[in-house]
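Structure, as structure tokens:
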Amino acid sequence: MASDKTTLSSKWRTQHFINGAWSASESGRAMPVFNPATGETLAEVSLADQADVHKAVTAAANAFDHGPWPRMDALARGRLIGALAAKIRERLEDLAMTDTLNVGKPIRDTRGFDVPCAADLFESYAGLADKISGKCYGTQPDNVTMQFREPMGVIAAIVPWNFPLTNAAIKLAPILACGNTVVLKPSEVAPLSALMLAELAHEVGFPPGVFNVLNGTGAGAGAALVSHPRVEKITFTGRHQTGIQMLEAAKTGMKGVMLELGGKTPSLVFPDAPIENVVNGVITGIFYNLGQVCVAGSRLLVHESQHADLMERIVAKVRGLRQGDPTDPSNHLGCLATPMHGDTVRRFTDVARQQGARCVHQGATAESLNSCFFPPTIFDQVQPGMTIAREEVFGPVLSVMTYRDEADAIAKANDCDFGLMANVWTSDGMRALRVCRQLKAGRIAVNGGGALRANVPVFGYKLSGIGAELGFDEAIHEYTNSKAILYSLSTEKSPWPE
Ligand code: NAD
């Protein structure tokens, strides 16, 4: 049954979650959390500063050094992570409505993707916990060399607002399965579902200090968290400019760092592709969640001969998208997460016009809707050098470019500072693989098969990141230390310094 909006607020936790308990800020300070669709204040949450960060990291460090989590039977650890997945499914409606109210994301998406995906990730990584193993090297007859993969310690996880619950799950599921403890800082824009998640973890029996949540700004709690000496590794999802600050913070203390950053996904459409599938794929790729997706297909590359036909079909279908109240399940589109982000997206479209791109579609929004309801917008005749073709807009703005031949399509696709994902549309299998091998992107969807999967790594080329998210082998590599034990069976003493 749909979550009741009026009683949901009584279920929201507003303090930090530290050492298995709710904790107000040491300073007593709080910050408001808004509903962008209405402008109303949803809650006042505690605002962390250095003292709260120290408290949370110390709790996580104690849980790691002395608590059961890294030492317990890995199967039992996996069982707790699995129980959390089940709890998320039980509370699907509350979690979905929470993120819908907090970031303006349509309820059909939070119900249909965000929450089920978070549950799937925990369920999947529950099964990884007891399958983490090292290697044995047998090259020397008088030596047995073993490699162990051991939990690292306290991980600082920092996530953005575009998929509040799912982004948290992408970090937490592998971190926890690998036996680490964690301090999560959700985005200051959207902390409510992360707090709900902490409550669910507590209910299923996570030991105190294993999973802590701090509310706070990036410059405040975020910066203090990543520079805390007891943090072993920083795992971050967000803008590449913030990623650079993470690298700076990681220098002191030589912390490990994993960065999942922005993208500017090209969609290469070849004339032999099934056209109606392309239309739906391109529209979903850029307008789902109003383009606030790291892998949003923001650059459409279409062959000169197919350009007019494809544009006509895309624009006709985009006109049918319904935008409005995010809590109404009949709406495809809600609103952008903050008025400030709306201004940023608007600025990008102004610059695109000034630089000569041709706006061929901009949906009309009802007068009753505020400025966060940015409509789907399509720019044609975009040139590779234009700002709209190079920078991440993170909004519902499609840039259309034409290409002459396959080599031109690949060159234009790769002419970009990001390399998170690419889409290829063709029914020619040889061409698909040939093109994929030449694209500079960590994930490539052919004919629409781009869904997030727990066992498939998310890796960014170029400015899109460092390290890989998910992918079981990659997750183990990211969230465990390697320890090699070189055990001599020889009874001889060392030949040096004889
Ligand atoms: P952002 O970089 O502004 O903020 C992300 C998080 O970092 C927030 O929690 C913020 O409080 C924190 N932060 C900011 N400054 C900090 C600092 N100095 N120290 C520590 N923490 C700090 O990003 P955003 O605007 O919230 O999110 C949008 C970005 O996220 C886009 O670029 C998008 O592409 C990217 N993203 C990437 C992926 C991926 O998997 N590659 C997934 C989702 C979003």
Side-chain angles (χ1 to χ4, degrees), residues 31 33 45 47-50 53 102-103 105 114 117 121 156-171 183-191 194 213-228 231 234-250 252 255 257-265 288-298 336-338 340-345 348 391-395 416-421 441-443 450 452 456-471 474 478:
M31 64 177 176
V33 173
V45 299
L47 176 65
D49 64 16
Q50 200 139 13
V53 168
N102 200 173
V103 292
K105 186 187 276 260
D114 294 52
C117 178
L121 289 168
I158 302 203
V159 293
W161 42 258
N162 60 333
F163 290 84
L165 184 71
T166 320
N167 277 326
I170 289 173
K171 298 284 186 208
V183 179
L184 171 71
K185 195 201 80 63
S187 166
E188 54 273 49
V189 172
V213 182
L214 286 174
N215 309 306
T217 63
L225 176 59
V226 295
S227 54
H228 194 287
V231 166
I234 302 164
T235 175
F236 169 77
T237 303
R239 292 178 307 123
H240 81 274
Q241 294 89 338
T242 319
I244 292 167
Q245 293 177 285
M246 300 295 132
L247 289 174
E248 285 295 323
T252 313
K255 296 178 180 29
V257 61
M258 195 242 269
L259 305 176
E260 291 302 326
L261 309 175
K264 193 75 192 169
T265 297
Y288 182 84
N289 200 26
L290 280 187
Q292 300 166 111
V293 183
C294 54
V295 294
S298 51
L336 297 173
T338 65
M340 209 169 78
H341 186 50
D343 291 343
T344 304
V345 175
F348 272 112
E391 292 187 23
E392 187 184 39
V393 177
F394 221 53
C416 177
D417 294 334
F418 295 100
L420 193 59
M421 190 163 176
R443 285 169 77 207
L452 187 81
V456 179
V458 176
F459 179 88
Y461 280 49
K462 302 192 256 185
L463 286 191
S464 290
I466 292 177
E469 197 106 79
L470 301 178
E474 283 79 1
E478 292 289 350

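Just so it is clear, the structure is predicted and the values come from calculations on it, not from any experiment. Counting convention: from 1, in listed order, for ligands and their atoms alike.
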Could you establish whether [X] and ligand 1 come within less than 4.0 Å of each other, counting only heavy atoms on the residue side?
X    : answer
G460 : no
A221 : no
F163 : no

Test item: K171 side-chain N/O and A156 main-chain N/O as donor-acceptor pair under 3.5 Å
no
Option of least heavy-atom distance to atom 32 (O) of ligand 1 (set: E392, E188, M421, R443)
E392
From the candidates A223, G238, G262, P164, the one that places a heavy atom nearest atom 35 (C) of ligand 1:
G238
Which residue owns the protein heavy atom closest to [atom], what's the atom, and how far is it?
atom                    : value
atom 13 (N) of ligand 1 : G218 CA, 3.3 Å
atom 41 (N) of ligand 1 : L261 O, 2.7 Å
atom 2 (O) of ligand 1  : T242 OG1, 2.6 Å
atom 27 (O) of ligand 1 : P160 CB, 3.1 Å

Aromatic plane relationship, F163 with Y288 - under 30° parallel, 30 to 60° tilted, over 60° perpendicular
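Y288 and F163: parallel rings.
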Residues at least two apart in sequence or cross-chain that pass side chain to side chain donor-acceptor pair (under 3.5 Å) with Q50, listed by chain then number, are none
Please determine whether side chain to side chain contact (heavy atoms under 4.5 Å, CB included) holds for the pair V226 and V231, giving the CA-CA distance in whole Å, both sets of side-chain angles, and the decisive distance to 0.1 Å.
CA-CA 7 Å; V226 295; V231 166; over 6 Å; no
Which ligand 1 atoms are under 4.0 Å away from a heavy-atom of [X]?
X    : value
M246 : 17 (C), 19 (N), 20 (C), 21 (N), 22 (C)
L420 : 41 (N)
P186 : 9 (O)

Are any of the side-chain heavy atoms of P191 and V33 separated by less than 4.5 Å?
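Result yes, sub-4.5 Å side-chain heavy-atom pair found.
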Passing candidate, side chain to side chain contact (heavy atoms under 4.5 Å, CB included) with C294, options V458, L420, N167
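Passing option: L420.
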Check side-chain contact (heavy atoms from CB on, under 4.5 Å) between F348 and all other residues, then give those that pass, not counting sequence neighbours.
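Scan of F348 (side-chain contact (heavy atoms from CB on, under 4.5 Å), adjacent residues dropped) gives T344, T387, I388, E391, V393.
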